[in-house]
Protein chains: 2
Amino acid sequence: MAQSSLRRRRRAAATQEILDAAEHHISEHGPAALSLRAVARGLGMTVQALYHYFPNRDALVTALVTKAYDDLADAVQAAVDTAADDSALPRLVVAAEGYRRWAIAHPERFQLLYGTPLRDYAAPAEGPTTQATRRMSSIFERELFDGFTAEQLAAADTPVFSSPLRAHLEQLPHYGLGYLPPPATALLMSAWGHLHGLVVLEVFGHTSFLGDRQAEIFRMAMRNLLEDIHRRIPVHLSPPHAADQTEPPRTAAPEPRPRTGP
Amino acid sequence: MAQSSLRRRRRAAATQEILDAAEHHISEHGPAALSLRAVARGLGMTVQALYHYFPNRDALVTALVTKAYDDLADAVQAAVDTAADDSALPRLVVAAEGYRRWAIAHPERFQLLYGTPLRDYAAPAEGPTTQATRRMSSIFERELFDGFTAEQLAAADTPVFSSPLRAHLEQLPHYGLGYLPPPATALLMSAWGHLHGLVVLEVFGHTSFLGDRQAEIFRMAMRNLLEDIHRRIPVHLSPPHAADQTEPPRTAAPEPRPRTGP
DNA sequence: GTCTATACACCGATAGAC
DNA sequence: GTCTATCGGTGTATAGAC
C-alpha cells in the first residue's frame with residue numbers, strides 16, 4: 001500500500017513534469033506545433049516514455065485544455081476576489097479585465113482554448129470543457145445580475161423571443177445564481193460575446209492599429225456594457241400589463257453584494 | 001502581344017484553378033491542413049507545377065487570405081444592398097447578419113481569417129489584410145453613424161478618454177465617412193468586438209448548448225447594440241459647458257440615408 | 001519504465017531531364 | 001511548364017530488448 005502510494009506519487013510527479021514541459025512548448029511555439037516528440041525533446045526523454053503516461057496525443061491535449069480552462073477561470077475569480085468593494089470600478093469590469101489579462105499573458109494557451117480547433121483532435125463530449133465554461137459563466141452571471149430578482153430579470157427590456165427560444169432557454173441547466181429567466185440568459189450570452197470578441201481581436205492581432213491603449217477602450221466597452229444591460233432591467237416592477245415603462249429611472253447598479261468567499 | 005496576352009490569360013486561368021482547389025481543400029480539411037502537395041493532388045498535378053505559379057506556400061496562403069477577406073466584405077456589402085429600406089430591421093443588423101451568415105457558411109475560411117494564426121506563416125505587413133479590414137469597418141461605420149454630425153459623435157456619452165488615447169484615435173487614418181471623432185472610433189471598435197465575439201463563439205462551437213436558435217439571440221444582441229450606441233449619441237447638441245444632459249430624449253435612429261450605390 | 005529501432009505517413013523545397 | 005527523383009525534415013505509433 002505504501003509502495004503503491006509512492007508509485008502513484010512518482011507517476012503523478014512525472015505526469016506533472018510532462019504537462020509543464022508541454023505547456024512551455026505551447027507557449028513558445030503555439031498549440032499547432034504541439035507534438036509528443038517535441039515535448040519529449042524538451043524533457044530529454046524519448047517519445048516512448050511519454051506513451052507510458054499518455055496513451056496518445058489527444059489525451060495530452062485534453063489535459064492541457066482542461067488545465068488552461070481552469071487557469072483562466074482561476075484568473076478571473078482571483079481578479080474578482082481582489083477587487084476592492086468600494087472601488088469605482090464595477091466588479092464585472094474587473095472580472096472582464098482579468099479575462100483579458102490572462103489572454104494577453106498566455107496568448108498561445110488562449111488560442112488553444114478559443115482559436116482554431118486542433119487538427120484531428122476531437123474534444124471529449126461533455127468533458128471538462130463544458131464544466132470550466134460553466135464555472136466562468138457563473139462568475140460573470142453573478143457580477144452581472146446579482147442583486148436583481150428573477151422577476152426583474154424576466155422583465156428585462158429585450159425584443160420578444162419566439163416561444164421555441166424561450167422554451168429552450170428555460171430548460172437549460174442552471175449553475176450560477178439558480179434560475180435565470182430567458183432574457184437574462186440571452187443578455188449574458190451577448191455580454192460574453194462582447195467581452196470575448198474584443199479580447200480575441202486583440203490577442204489575435206487584428207487591432208494592432210489601436211496601439212498600446214487598447215486597455216482603455218476595453219474598459220470603456222465593459223463599463224458601457226454593464227450600464228447598458230442594467231438599463232434594460234427595471235428597478236421596480238410595474239404590475240403586469242401596465243408594463244409600458246418608458247424610461248425606467250435607473251441610474252446606478254444595485255448595492256454591492258456581500259462577498260461570497262472562495 | 002496577342003500571344004503574351006493569351007499566355008497571361010492561360011496563366012491567370014491556371015492560377016484561378018489552383019486557388020479554387022486550395023479553397024476546396026481548406027473547406028474540407030481546415031486551414032491547418034493546407035499544403036501544396038495536397039492541393040496538387042486535388043488537381044491531379046505534381047507539386048512542382050504549383051511552384052511555377054506560387055513561389056512558396058506563403059504566397060498561396062496570402063492569396064487565399066486576401067480572397068477570403070474580400071468575399072466576406074462582399075457578403076456583408078451584398079446583405080446591406082439587399083436590405084429593404086423600409087424594413088423594420090435596421091441596416092446595421094442586416095450587415096451583422098451577413099457577417100454571421102458568411103462565417104457559418106464558410107467556417108474554415110473564417111478560421112483562416114480569424115482563428116489561430118497559421119504555423120510559420122507571417123502575413124505581409126500593410127498587406128491586403130488591412131485593406132479588406134478597412135473596407136468592412138467602413139460598412140459598419142456607415143450603418144452605425146451615418147446621419148449624425150461629427151459634433152454629435154464627438155459628444156457621445158462615453159467615459160472620458162486619456163489624452164494619449166484621444167491623440168492616438170485622432171490621428172488614425174479615416175476611410176469611411178471621413179473624420180470620426182475618438183468616441184465614435186472607440187464605440188465602433190466595441191461594436192465590432194461584440195459582433196465578432198458572438199460569431200466566433202458560435203462558429204468555433206462554444207455555444208452549441210444554445211441549440212439551433214442562436215440566430216435569434218444574435219439578432220437581439222445586434223438590435224440592442226445599435227440601440228445602446230445610438231442612445232449614447234445626443235440628438236441635439238447642448239451649448240458647450242451646459243452639457244449636463246440627463247436622459248437625452250432620443251427614441252429612434254436617424255432617418256435612413258440615401259443609398260450609396262455599390 | 002525507459003531505451004533503440006523501425007514502419008509509415010506527411011511536409012517544403014530544389015535539381016535537372018524533357 | 002511539367003515531369004521524376006531526391007534531400008532533409010516533421011509527425012504518430014508500435015515492437016521488442018534491457
Side-chain angles (χ1 to χ4, degrees), chain A residues 3-19 21-22 24-26 28-65 108 112 116-123, chain B residues 3-19 21-22 24-26 28-65 112 116-124:
Chain A
Q3 201 183 25
S4 153
S5 159
L6 175 63
R7 219 180 268 171
R8 244 179 294 169
R9 280 215 319 274
R10 276 177 170 277
R11 188 181 173 85
T15 306
Q16 187 56 50
E17 213 174 334
I18 294 171
L19 283 177
H24 181 248
H25 189 265
I26 280 191
E28 290 207 325
H29 304 94
L34 181 69
S35 74
L36 293 180
R37 295 179 101 92
V39 174
R41 267 196 301 269
L43 283 168
M45 304 166 72
T46 54
V47 205
Q48 293 63 25
L50 294 196
Y51 277 96
H52 206 86
Y53 296 91
F54 295 94
N56 50 42
R57 177 178 167 259
D58 279 20
L60 175 61
V61 171
T62 298
L64 291 170
V65 168
E108 298 86 3
L112 179 65
T116 308
L118 281 191
R119 263 305 268 156
D120 296 325
Y121 171 74
Chain B
Q3 201 182 28
S4 153
S5 160
L6 174 63
R7 218 180 269 171
R8 244 180 293 167
R9 280 215 321 272
R10 278 178 169 277
R11 188 181 172 85
T15 306
Q16 188 56 49
E17 213 175 334
I18 294 171
L19 284 176
H24 181 249
H25 190 266
I26 280 190
E28 290 208 325
H29 304 93
L34 182 69
S35 74
L36 292 180
R37 298 180 101 92
V39 174
R41 265 196 302 270
L43 282 167
M45 306 166 73
T46 54
V47 204
Q48 293 63 26
L50 294 196
Y51 276 97
H52 205 85
Y53 296 92
F54 295 94
N56 50 42
R57 176 178 168 261
D58 279 21
L60 176 61
V61 171
T62 298
L64 291 170
V65 168
L112 178 66
T116 309
L118 281 190
R119 264 303 271 156
D120 295 326
Y121 171 74

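Chain letters run A, B, ... following the sequence lines, proteins first and then strands; every chain starts at 1.
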Gap between atoms [atom1] and [atom2], on [X] and [N] respectively (whole Å):
X: A/Asp58; N: D/dG11; atom1: CG; atom2: P; result: 16 Å
X: A/Leu6; N: C/dG1; atom1: CG; atom2: C1'; result: 14 Å
X: B/Tyr121; N: C/dC11; atom1: OH; atom2: C1'; result: 18 Å
X: B/Arg57; N: D/dT10; atom1: CZ; atom2: P; result: 16 Å
X: A/Asp120; N: C/dA9; atom1: CG; atom2: P; result: 16 Å

Using side-chain heavy atoms (C-beta onward) and a distance below 4.5 Å, is [X] in contact with [Y]?
X: B/Val47; Y: B/Val39; result: no
X: A/Leu112; Y: A/Leu34; result: no
X: A/Tyr121; Y: A/Thr62; result: yes
X: A/His24; Y: A/Glu28; result: yes
X: B/Arg57; Y: B/Arg37; result: no

By a strict heavy-atom criterion of less than 4.0 Å, which residues belonging to residues 29-37 of chain B are in contact with DNA chain D?
none
Does any residue of residues 41-56 of chain A have a heavy atom under 4.0 Å from DNA chain D, and if so, which ones, in number order?
A/Arg41, A/Gln48, A/Tyr51, A/Asn56
Are A/Phe54 and A/Thr15 close enough, and set up right, to give a side-chain contact (heavy atoms from CB on, under 4.5 Å), and what steps lead you there?
CA-CA 9 Å; A/Phe54 295 94; A/Thr15 306; 3.7 Å; yes
Please list, chain by chain and in numerical order, all residues satisfying ring-ring contact (aromatic ring centres under 6.0 Å, His included) with B/His29, sequence neighbours excluded.
B/His25
Measuring from B/Arg41:CZ to B/Leu43:CG, what's the distance to the nearest 0.5 Å?
11.5 Å
